[in-house]
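What you see below is based on every heavy atom in this structure, not just the backbone, and it leaves out hydrogens, waters and symmetry mates.
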Amino acid sequence: FIDPEYVGSWGVSDEDLVTRSNQEFKQYHKNNKKFAAVMFSTSNHAPFDYPEDKIDLIEGVEVKSVKNAIKYADYAVGKFIELARQEDYYQDTIFVIAADHDVRVYGDDLVPVNRFHIPALILGEDVVPEKYSKITTQPDILATALDLTGVNELTYPIQGHSIFSDKKKNIALMQFNDYYALRQDDKVAVIRPGKEALTFIYQDEKLNPIDHDIGLEQDALAFILTLDHLYNNNLHQ
């Protein structure tokens with residue numbers, strides 16, 4: 001970055017990031033190069049550094065607070081979409097805006113399922129607006145984006161499916177400390193190291209114990225072992 005507008009403890013501001021990214025994407029498109037890019041917002045991480053006079057501050061909270069930092073990140077994302085819409089590459093690009101996790105993941109349950117509900121938005125020139133109301137998980141986001149570009153997701157090692165695919169299941173994967181959970185519809189299997197697996201029904205934002213669903217518990221363990229094996233042996237590349 002040459003002469004960035006603002007540099008905080010995590011690096012340049014989100015606004016500097018989106019401005020530079022837009023320049024890079026314009027160049028890729030000009031050179032007829034296909035590209036996939038990841039942009040990571042850092043302003044909403046402590047100590048919540050962001051440039052002044054960009055947003056209307058939220059009343060009743062500290063200036064350098066998570067709420068104001070999130071508002072600034074949202075402002076920067078909006079600026080990026082405004083910039084991109086003015087460029088030729090916008091017509092040929094799928095944009096995915098998603099959180100990697102909730103602001104704070106905590107609760108009394110073994111796995112606080114209600115804290116794993118995150119926003120995701122998929123945009124594109126020819127993407128028809130709709131709200132997906134079923135359960136989905138982050139691997140499905142990548143598979144869906146590839147599907148919208150016309151790439152066959154089955155040629156890539158993604159443990160998820162496009163929301164437009166007949167193979168899409170109503171499942172979600174979760175990790176909380178060293179506990180792992182697999183949710184299918186409203187049934188949740190929780191895997192714990194050194195202890196037996198448990199099965200719950202998720203109702204009223206709480207996990208209610210029920211009899212073991214051996215199949216679901218084994219599927220949860222299979223996900224964990226498979227992902228660990230793929231990663232540690234570099235088979236995901």
Side-chain angles (χ1 to χ4, degrees), residues 36 38-41 70 73-74 77 81 93-176 179-191 197-227 230 236:
V38 176
M39 302 160 62
F40 187 79
S41 169
I70 289 174
D74 186 63
V77 171
I81 296 301
T93 305
I94 298 297
F95 300 86
V96 178
I97 304 167
D100 54 348
H101 55 74
D102 198 347
V103 175
R104 296 287 183 269
V105 180
Y106 58 85
D108 296 329
D109 284 337
L110 288 180
V111 177
V113 176
N114 62 314
R115 308 300 296 191
F116 283 83
H117 190 192
I118 61 170
L121 184 67
I122 298 178
L123 303 173
E125 180 68 14
D126 298 320
V127 175
V128 179
E130 66 174 285
K131 182 176 181 179
Y132 189 76
S133 58
K134 297 179 182 179
I135 297 172
T136 190
T137 193
Q138 284 168 325
D140 297 329
I141 298 175
L142 177 57
T144 303
L146 288 173
D147 188 10
L148 289 170
T149 64
V151 176
N152 184 349
E153 64 177 279
L154 297 179
T155 61
Y156 295 86
I158 302 172
Q159 295 211 345
H161 292 289
S162 167
I163 61 173
F164 305 112
S165 171
D166 293 336
K167 295 183 178 181
K168 173 73 180 73
K169 295 183 179 180
N170 213 31
I171 66 171
L173 298 166
M174 292 164 280
Q175 178 187 356
F176 182 58
Y179 290 178
Y180 294 84
L182 173 62
R183 178 182 179 182
Q184 183 168 6
D185 297 320
D186 288 329
K187 191 178 287 187
V188 181
V190 177
I191 303 296
L198 298 172
T199 304
F200 302 86
I201 286 292
Y202 181 62
Q203 192 172 27
D204 298 325
E205 295 194 347
K206 280 190 167 295
L207 291 178
N208 302 288
I210 61 172
D211 292 338
H212 290 281
D213 184 326
I214 302 299
L216 188 63
E217 292 172 359
Q218 289 179 341
D219 284 345
L221 181 60
F223 268 114
I224 297 166
L225 296 178
T226 300
L227 291 169
L230 291 173
H236 62 293

Do Tyr202 and Asn114 have side chains that approach each other closer than 4.5 Å (heavy atoms only, starting at C-beta)?
yes

Result for side chain to side chain contact (heavy atoms under 4.5 Å, CB included) between Ile224 and one of Leu182, Ile191, Leu173 points to Ile191

Taking every heavy atom of Ala99 against every heavy atom of Ile118, the minimum-distance pair comes out as O-CD1, 2.9 Å

Closest heavy-atom pair, Ile97 versus Val77, reported as atoms and distance to 0.1 Å, is CD1-CG1, 3.6 Å

In Asp186, Leu207, Ile210, the residue satisfying side chain to side chain contact (heavy atoms under 4.5 Å, CB included) with Phe200 is Leu207

Next on the checklist: I want to check something: taking the side chain as every heavy atom from C-beta on, are Ile201 and Lys187 in contact at a cut-off of under 4.5 Å?
Outcome noted: yes

One should read off an interatomic distance between Gln175 CD and Phe116 CZ, to the nearest 0.5 angstrom, of 8.0 Å

Heavy atoms of Tyr132 and Ile163 approach each other most closely as CE1-CB, 3.6 Å

Query raised in the report: Does the side chain of Phe176 reach to within under 4.5 Å of the side chain of Val190, using non-hydrogen atoms?
Result: no

What one should report as the nearest heavy-atom pair of Ile122 and Val127 is O-CG1, 4.1 Å

* Side chain of Arg115, backbone of His117: donor and acceptor closer than 3.5 Å? -> no

Query raised in the report: So, does His161 use its side chain to make a donor-acceptor pair with the main chain of Ala143 at under 3.5 Å?
Result: no

Closest non-hydrogen atoms of Glu130 and Phe164, given as atom of the first, atom of the second and distance, are OE2-CE2, 3.6 Å

* Asked: More than 12 heavy atoms of other residues, nucleotides or ligands under 6.0 Å from NZ of Lys168: is that the case?
  -> yes

Closest non-hydrogen contact found for Asp140 with Thr144 is O-OG1, 2.6 Å

CD1 of Ile135 to CD1 of Ile171, rounded to nearest 0.5 Å, is 9.5 Å

In this structure, OG1 of Thr136 is separated from NZ of Lys169 (nearest 0.5 Å) by 14.0 Å

Does Thr137 reach the main-chain N or O of Pro139 with its side chain, forming a donor-acceptor pair under 3.5 Å? no

Here the gap from Leu230 atom CG to Leu225 atom CG, rounded to the nearest 0.5 Å, amounts to 11.0 Å

Less than 4.5 Å apart, any side-chain heavy atom of Asn170 and any of Gln184? no

To the nearest 0.5 Å, atom OG of Ser162 lies from atom CG of Leu142 at 10.5 Å

One should read off an interatomic distance between Leu221 CG and Thr226 OG1, to the nearest 0.5 angstrom, of 8.5 Å

